[in-house]
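Take a look at the structure below.
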Amino acid sequence: MKIQEYQAKQIFQKYEIPIPRGQVALNASFVRQIAEDLGDKVVVKAQVLVGGRGKAGGIRLADDPDEAEDIATEMMGMEINGFPIHKVLVEEAVDIKKELYLSIGTDRMNATPVIIASEYGGIDIEDAAEEAPEKIARIPIDPMVGLCDFQIRGLAVSIDLPRKHWKKFAQIANALWQIYQNDDASLVEINPLVISEQNGLMALDGKMTIDDNALFRHPELADLRDLDMENPSEVEAQKYGITYVHMTGNIGCLVNGAGLAMATMDILKLKGGEPANFLDIGGGAGAEKVSSALRILFSDPQVKAVLINIFGGITRCDEIAHGITAAIAEQKKLKVPLVIRLVGTNAEEGTKILEKQKLPIAHSLVEAAEKAISLSGVKKK
Amino acid sequence: MKIQEYQAKQIFQKYEIPIPRGQVALNASFVRQIAEDLGDKVVVKAQVLVGGRGKAGGIRLADDPDEAEDIATEMMGMEINGFPIHKVLVEEAVDIKKELYLSIGTDRMNATPVIIASEYGGIDIEDAAEEAPEKIARIPIDPMVGLCDFQIRGLAVSIDLPRKHWKKFAQIANALWQIYQNDDASLVEINPLVISEQNGLMALDGKMTIDDNALFRHPELADLRDLDMENPSEVEAQKYGITYVHMTGNIGCLVNGAGLAMATMDILKLKGGEPANFLDIGGGAGAEKVSSALRILFSDPQVKAVLINIFGGITRCDEIAHGITAAIAEQKKLKVPLVIRLVGTNAEEGTKILEKQKLPIAHSLVEAAEKAISLSGVKKK
Amino acid sequence: MSILVDKNTRLLVQGITGKEGLFHSELMRTYGTNIVAGVTPGKGGEWVLDEKIPVFDTVQTAVQTTEADASVIFVPAKFAFDSIYEAIDAHIPLIICITEGIPAMDMLKIKSLLKTSESILIGPNTPGVLTPGECKAGIIPGNISIPGSTGMISRSGTLTYEVLYAMKAKKLGVSTCVGIGGDAITGTSFIEMLSMFEQDPDTEEIVLIGEIGGNEEELAADYIMTEMTKPVIAYIAGITAPKGKRMGHAGAIIEGRAGSALQKIELFRKAGVKVAEYPEDIPALL
Amino acid sequence: MSILVDKNTRLLVQGITGKEGLFHSELMRTYGTNIVAGVTPGKGGEWVLDEKIPVFDTVQTAVQTTEADASVIFVPAKFAFDSIYEAIDAHIPLIICITEGIPAMDMLKIKSLLKTSESILIGPNTPGVLTPGECKAGIIPGNISIPGSTGMISRSGTLTYEVLYAMKAKKLGVSTCVGIGGDAITGTSFIEMLSMFEQDPDTEEIVLIGEIGGNEEELAADYIMTEMTKPVIAYIAGITAPKGKRMGHAGAIIEGRAGSALQKIELFRKAGVKVAEYPEDIPALL
């Protein structure tokens with residue numbers, strides 16, 4: 001789960017990482033007020049969870065409260081990568097002497113936390129990692145020991161940090177480790193970490209991803225989820241424990257298991273179709289979950305056909321059939337055609353239930369994909 | 001550093017380990033008041049840092065406030081193993097169904113923390129370990145991982161703890177681990193941990209030793225040192241960074257280095273003398289430290305002769321000689337004879353200084369010991 | 001022959017009295033798996049599965065009493081760290097963790113503990129291990145596969161079933177099928193399984209089912225090129241997956257530039273691996 | 001020959017610009033020890049000891065630049081954990097920690113880290129290691145010992161000097177003298193040193209200086225009985241020490257019934273070890 005910059009900065013503040021003074025606003029007149037309170041030049045920053053915010057005009061400098069209000073008015077109507085801007089962060093403008101990079105994340109390959117620093121901050125760290133890996137210092141952290149002072153010193157030396165900033169740098173790095181550990185973050189990033197004219201080191205931006213699997217032990221963090229920023233169907237799906245990712249095609253997919261769901265999308269594409277979504281009902285889903293999932297697909301105006309692919313293991317195919325029946329019963333008339341494939345546990349019982357409803361059954365994944373594409377009526381030749 | 005039972009119990013309480021209601025008192029009339037407040041039968045417990053308190057009459061049951069006051073009056077005049085009782089802990093009497101043992105300590109041999117439990121509590125655990133080791137369950141704790149739930153379950157099974165107490169037992173064991181770790185305890189012990197009729201598990205006694213080397217990070221714990229309970233000369237020595245342990249003989253020893261100090265005592269004993277103390281001035285001691293150490297020896301009425309044995313490494317023998325000279329100058333007349341042996345760094349300079357003072361010099365450790373014994377005038381034949 | 005489990009495996013089930021644990025223990029036993037014990041804290045002394053299988057409070061007592069040499073774990077995610085560590089501490093050689101949703105930090109610590117241990121951890125978030133006709137240790141449906149000479153390794157559950165099912169339809173059997181798990185941090189990687197199959201005399205070729213995210217497949221491709229003599233057939237799911245979105249599996253997310261399905265497929269092809277276009281295509285490549 | 005250090009040792013000094021570190025680095029260099037670098041955080045780029053020895057900010061850069069293969073640590077106790085771990089992390093084969101007063105919990109963690117490392121830690125709270133005529137790595141006075149064929153192992157500082165001095169007076173020299181440290185938790189035990197001396201062709205007999213507390217000597221007695229072919233002479237301090245009192249060294253306390261000097265002496269005698277009655281008695285037993 002990604003959280004917004006202003007939320008990350010609130011956490012930074014709790015751990016005494018220096019951040020610019022500022023406040024988040026939901027409308028332009030409050031932006032003016034914040035700018036007046038801050039006194040000097042301010043920066044207005046769109047709070048969206050997508051990258052490329054700066055280039056898209058989502059970060060702008062205002063010389064006075066009037067300008068800040070104007071910028072905010074403009075921004076609040078904008079979209080970045082399809083996401084409307086509902087909130088802006090208004091902060092004092094900082095005199096920047098140098099921009100650095102600092103983060104702690106999880107290194108999947110080596111299965112350790114890793115602290116990463118660079119003297120070239122403000123840039124896309126992945127670009128930098130590809131183009132100039134020597135500019136990036138990475139130090140693995142033993143999760144049993146935690147981040148140690150000598151490792152922080154090693155980083156400071158690697159990024160040529162002037163000695164007078166070492167103490168503050170160590171404090172910030174230790175704070176990041178505390179956040180990473182205490183909040184089960186999979187990434188906590190300061191980019192740029194700036195050396196400012198007046199105040200030394202300061203986190204100018206903040207990014208944080210929290211391990212979804214660990215949210216059960218952080219109810220206070222789960223509340224930070226910004227439902228505004230997510231696709232409403234994805235939010236709806238989450239309520240039912242369904243994993244749903246909206247896409248741009250026209251064939252809705254309903255599958256059990258993440259790998260199989262991806263494989264189902266891939267085969268649609270391979271056979272000339274376009275999946276409208278990724279949808280995994282998980283293992284052992286009951287009828288109700290299936291109905292809810294179908295309802296989400298039916299409510300998507302893009303969807304021209306639905307492909308249901310179930311391989312019963314823990315999941316029972318008769319339960320699936322009941323769920324499909326119920327969801328269809330709710331509809332006066334079936335607006336989009338369905339193709340259903342059931343294999344595995346209780347597949348026979350499930351098939352019988354569906355045959356009564358006269359719903360089309362496919363016997364292989366390829367057949368199912370081809371039928372769905374043909375029924376969607378938009379097959380490319 | 002050992003702390004008193006009532007201090008350990010205050011820490012237990014902070015970590016939510018159940019303890020009997022009670023309060024510490026410095027005089028008998030306050031004991032009566034506490035007993036009145038508690039209402040029912042009470043236990044009056046002498047607060048001393050020596051073992052065998054129970055057998056020596058330091059733990060007694062009182063049926064009513066009158067009796068509690070009488071017992072306290074009696075106790076306050078008592079000594080246990082030479083230590084006068086200045087404080088008593090007054091606690092509600094608890095109905096005991098069973099006594100268990102639980103502690104976390106440091107296993108030197110395996111270099112890990114170890115949690116120890118027994119279903120035979122209230123006894124001397126070292127006796128038990130020798131006589132019936134099968135009655136004692138020991139589980140090493142990985143200091144990097146900490147105490148885990150499965151280890152606590154393993155202990156609960158080993159000591160046949162009824163299931164209804166498992167949850168509380170786990171909470172108490174986890175609390176002990178937190179104390180061990182957070183407070184750098186080398187031992188934290190509940191003996192007995194009782195199953196009470198009314199309240200389930202409860203820490204009836206508490207013992208805690210804090211790692212002296214770690215006191216620098218626990219100033220609040222260093223304040224718990226009960227100076228009352230220690231030999232005043234030992235307290236005085238501590239102020240100067242001198243390690244001093246008072247003993248029963250009559251030859252005072254002043255040595256640099258713990259091992260050499262013990263060897264010096266041993267050779268005195270071997271040659272028929274009795275050391276009055278262990279005294280290590282540490283490495284690199286200056287003149288002032290030496291003077292302070294000598295002052296402590298001179299103030300001990302038992303001391304009939306002083307043996308100074310210095311092997312200069314970091315320590316400079318001329319500094320030592322200056323210190324000796326200064327301490328002697330303070331005395332109008334030297335009450336006890338000195339024997340001095342200086343070897344190593346600047347030994348020649350030191351010897352010259354002392355020769356001016358006409359102080360007796362020995363050239364080997366054996367010679368020094370024999371001279372000191374003969375000068376003390378109490379040599380056994 | 002087979003890898004990891006066979007008819008001699010003495011299986012322990014951690015969390016045996018839970019809903020999932022009990023349900024799948026029934027299925028495993030029906031399949032013929034030799035379940036020797038279960039563990040549920042607080043239920044030691046009970047008996048389950050027609051009163052035939054003893055339940056213990058701790059893994060250590062279970063192992064001491066029954067000489068279990070493999071464990072399948074079904075406990076909820078919040079207790080998984082403790083259960084896996086308990087199995088490691090009891091020196092169980094093979095630990096299979098079915099549990100999904102374990103926090104990554106817990107797994108990082110487990111990985112660190114495994115370094116000084118002899119135990120092998122399969123999973124978490126795995127359907128388990130199946131040696132057809134001999135031992136089912138986990139939740140892979142028993143009836144969708146037959147004994148054979150193909151080793152199978154996968155990061156996915158139902159997708160694996162799909163392939164097993166397609167193979168069985170063509171009378172193609174499996175030596176052992178191993179799910180290494182769909183999480184970002186897993187106990188065992190493709191490489192370790194490839195190496196075991198390379199050693200196994202009864203495995204003649206290997207099917208590897210991968211997906212987007214991480215670089216397990218990239219490392220596997222490299223390993224196949226340099227170390228493997230047996231043929232490998234691969235399928236990679238997620239060509240259509242958008243970047244940066246988590247696709248169900250905690251491991252299935254394309255981070256930065258690594259981990260895309262196309263990259264993985266390209267590397268496999270370079271390593272001489274036949275790559276199937278869709279799951280049902282695999283039998284044709286065997 | 002010798003153990004641990006010799007004329008080829010390339011020594012690093014951690015905490016070289018501190019008062020103690022600088023003082024003893026002077027003495028070590030005067031003795032002829034090949035000090036190649038120092039480390040003091042925040043002082044990288046400076047030069048010390050007649051501007052001949054470079055100072056680095058981190059151990060890693062020091063090792064990369066100078067190929068140091070041993071480190072002596074002089075930092076204050078509160079920084080010792082970090083410094084020892086830094087040396088372990090930089091894969092320095094031999095780490096000698098002079099610092100005294102390190103919290104036991106820090107050492108328990110270091111011991112755990114050493115398990116997965118190739119480094120040997122001598123100390124803490126040790127006078128260091130001296131190979132007379134070749135290398136002085138620590139604070140043992142250089143002028144009190146001469147080269148010879150006796151290996152020496154000790155838990156104590158000045159007591160060891162006393163024995164070296166008494167030996168030198170009789171023209172008896174030492175192959176290497178090692179202080180394993182006076183703390184309750186040390187990096188290396190008597191046994192490991194006995195084993196090294198047993199292997200060392202230039203060591204003909206070993207002097208072991210122990211004291212009350214712990215069971216290092218008990219284990220050593222057992223090891224000598226079963227594994228050692230070379231004669232061992234021992235001295236144990238603390239016959240007169242009272243029970244339960246800490247005698248200066250954090251390790252020197254008689255806990256419960258183990259660790260008394262008399263018990264240790266008895267076990268040594270049983271193991272065929274000649275036990276000296278007092279330090280100056282040792283040369284007579286060689």
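Owing to the predicted nature of the structure, the values given are computational and were not obtained by experimental measurement. First the proteins, then the strands, lettered A, B, ... as listed; each starts at 1.
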Give, as side chain, backbone, both or neither, the part of [X] having an atom under 4.5 angstrom from any heavy atom of chain A.
X      : result
C/P141 : side chain
C/I139 : side chain
C/K111 : side chain
C/E280 : side chain
C/I239 : both

For [X], does the [atom1] atom have more than 12 heavy-atom neighbours from other residues, nucleotides or ligands under 6.0 Å away?
X      : atom1 : result
A/E189 : CD    : yes
C/F81  : CZ    : yes
C/K168 : NZ    : yes
A/E220 : CD    : yes

| said: So, using salt bridge (Lys or Arg N to Asp or Glu O under 4.0 Å) as the criterion, who are the partners of C/D89 when residues are at least two apart? | reply: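 If we apply the salt bridge (Lys or Arg N to Asp or Glu O under 4.0 Å) test to C/D89, skipping adjacent residues, there are no hits.
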| Given the rule in the side chain to side chain contact (heavy atoms under 4.5 Å, CB included) test, do C/I212 and A/M262 qualify, once you have shown the distances and angles that lead to the verdict? | CA-CA 9 Å; C/I212 52 165; A/M262 283 191 277; 3.7 Å; yes
| message | What verdict does the side chain to side chain contact (heavy atoms under 4.5 Å, CB included) test give for A/T106 and C/L108, after you've listed the backbone C-alpha separation in whole Å, the side-chain angles of each residue and the deciding distance to 0.1 Å? | response | CA-CA 9 Å; A/T106 305; C/L108 294 177; 4.1 Å; yes
Looking at [atom1] of [X] and [atom2] of [Y], how far apart are the two atoms once the value is rounded to the nearest 0.5 Å?
X      : Y      : atom1 : atom2 : result
A/M109 : C/E216 : CE    : CD    : 10.0 Å
C/E162 : A/T264 : CD    : OG1   : 7.0 Å
A/D211 : C/M107 : CG    : CE    : 11.5 Å
A/N182 : C/M105 : CG    : CE    : 9.0 Å

Can you give me every donor-acceptor pair (side chain of residues 13-20 of chain C, partner residue at least two apart or in another chain, under 3.5 Å) with its distance?
| from | atom 1 | to | atom 2 | distance (Å) |
| --- | --- | --- | --- | --- |
| C/Q14 | OE1 | C/S71 | OG | 2.8 |
| C/Q14 | NE2 | C/S83 | O | 3.1 |
| C/T17 | OG1 | C/T40 | OG1 | 2.9 |

| field | Pair C/K78-A/R217, side chain to side chain contact (heavy atoms under 4.5 Å, CB included): steps then yes or no | value | CA-CA 9 Å; C/K78 62 186 290 203; A/R217 50 189 177 206; over 6 Å; no
Heavy-atom cut-off 4.5 Å, strictly under: side chain, backbone, both or neither for [X] against chain C?
X      : result
A/M144 : side chain
A/S186 : neither
A/V366 : both
A/I267 : side chain

| request: For C/T240 and A/D266, test the side chains for any donor-to-acceptor distance below 3.5 angstrom and give the result as yes or no. | output: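 The criterion, which ignores hydrogens and geometry beyond distance, is satisfied for A/D266 and C/T240.
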| task | Could you tell me whether the side chain of C/T158 and the main chain of A/F311 form a donor-acceptor pair under 3.5 Å? | result |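 No, the answer is negative, given that no donor and acceptor are paired below the 3.5 Å cut-off.
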| said: Just so I understand: if I count every heavy-atom pair under 4.5 Å between each of A/G249, A/A214, A/A261 and chain C, which residue has the most? | reply: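 Going by pairs under 4.5 Å, I would pick A/A214.
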Could you check if a side-chain atom of [X] sits within less than 4.5 angstrom of a side-chain atom of [Y], using non-hydrogen atoms only?
X      : Y      : result
C/S156 : A/L260 : no
A/F278 : C/P242 : no
A/L365 : C/Y278 : no

| said: At a heavy-atom distance under 4.5 Å, which candidate from C/I236, C/T186, C/D106, C/L219 has the highest pair count against chain A? | reply: C/D106
| query | Is any NZ, NE, NH1 or NH2 atom of the basic residue among C/E277 and A/K271 found under 4.0 Å from an Asp or Glu carboxylate oxygen of the other? | reply |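 No, this pair does not count.
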